[in-house]
Amino acid sequence: MFIEVVKSKIHRVTVTEANLNYIGSITIDEDLLDAANLIPNEKVAIVNNNNGKRFETYIIKGERGSGVVCLNGAAARKVQPGDVIIIISYAMMDFEEAKTFKPAIIFPDTATNKLI
């Protein structure tokens, strides 16, 4: 049996931009991607702590060290710059493997989006 479990999580990061006129996705600082074991084009779930909205999109790599977290396209309607969000990716794995799997979870500084 396979189950879906949390693979990676960026817990409480601040939205820096919302760009409605882009094709779609979320742009994330490459430092955050590396720390959370996330890659460009990976599907992620977004949870907005400010308004309770939940949605899915995919990752675009942002400039390393910039602190950028930008929701693009239609997703830009679900956030405002300054909102605090949680970014989660999931993976399918065997039930037994899932029992010992350790997700990559990071807690950046919400004022700067830098790693603490």
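Keep in mind that what you see is a predicted model, and the values were worked out from it rather than measured.
- Hydrophobic clustering, with ILVMFWY side chains joined whenever heavy atoms are under 4.5 angstrom apart, groups F55 together with I10.
- Distance CZ/F2 to CD/E97: 8.0 Å, rounded to 0.5 Å.
- The two residues F101 and V6 come nearest to each other via the heavy atoms CE2-O, 3.4 Å.
- Across every non-hydrogen atom of N37 and A104, the tightest pair is CB-CB, 3.9 Å.
- Here the shortest heavy-atom pairing between T16 and G67 reads CG2-O, 3.5 Å.
- In this structure, the side chains of K7 and L38 come closer than 4.5 Å at one or more pairs of heavy atoms.
- Electrostatic pairing of D31 and R64 counts as a salt bridge here, judged by a charged N lying under 4.0 Å from a carboxylate O.
- Rounding to the nearest 0.5 angstrom, the gap separating the CD atom in E4 from the OG atom in S89 is 9.5 Å.
- Taking the side chain as every heavy atom from C-beta outward, I85 and L71 approach each other to under 4.5 Å.
- Taking NE2 of H11 as the reference point, atom CZ of F107 lies at 6.0 Å (rounded to 0.5 Å).
- When side chains are defined from C-beta on, I88 counts as touching V47, because their heavy atoms get closer than 4.5 Å.
- Summarising the geometry, atom CG belonging to D94 is positioned 8.5 Å from atom CE belonging to M1; distances are rounded to the nearest 0.5 Å.
- Residues L115 and I87 are members of one and the same hydrophobic cluster, defined by side-chain heavy-atom contacts under 4.5 angstrom among Ile, Leu, Val, Met, Phe, Trp and Tyr.
- Closest approach of A98 to I3, counting heavy atoms only: CB-CD1, 3.7 Å.
- N51 places a side-chain N or O within 3.5 Å of a backbone atom of K78 that can act as its donor or acceptor partner.
- Between Y22 and I60 the shortest side-chain heavy-atom distance falls below 4.5 Å.
- When each of V13, V44, I59 is tested with I28 by the rule side chain to side chain contact (heavy atoms under 4.5 Å, CB included), just one qualifies, namely I59.
- Under a 3.5 Å cut-off, the side chain of T14 and the backbone N or O of T110 do form a donor-acceptor pair.
- Side-chain contact between E17 and V68 is present, with at least one heavy-atom pair separated by less than 4.5 Å.
- Side-chain atoms of V5 and M93, non-hydrogen and from C-beta on, do get closer than 4.5 Å to each other.
- We find that D29 and K61 are not joined by a salt bridge, their nearest charged nitrogen and carboxylate oxygen being 4.0 Å or further apart.
- T57 has its side chain within reach of I46: a pair of non-hydrogen atoms, C-beta onward, lies under 4.5 Å apart.
- Inter-residue side-chain proximity for E30 and E63 is flagged as unmet; no heavy-atom pair is nearer than 4.5 Å.
- Between T27 and N72, the side chains place a donor N or O and an acceptor N or O closer than 3.5 Å (distance only, hydrogens not considered).
- In terms of heavy atoms, V79 sits closest to A18 at CG2-CB, 4.1 Å.
- Rounding to the nearest 0.5 angstrom, the gap separating the CG atom in L33 from the OG atom in S8 is 9.5 Å.
- Summarising the geometry, atom OG belonging to S25 is positioned 9.0 Å from atom CG belonging to N19; distances are rounded to the nearest 0.5 Å.
- At most 12 non-hydrogen atoms from other residues, nucleotides or ligands lie less than 6.0 angstrom from CD1 of I23.
- Closest approach of R12 to I86, counting heavy atoms only: N-CG1, 3.8 Å.
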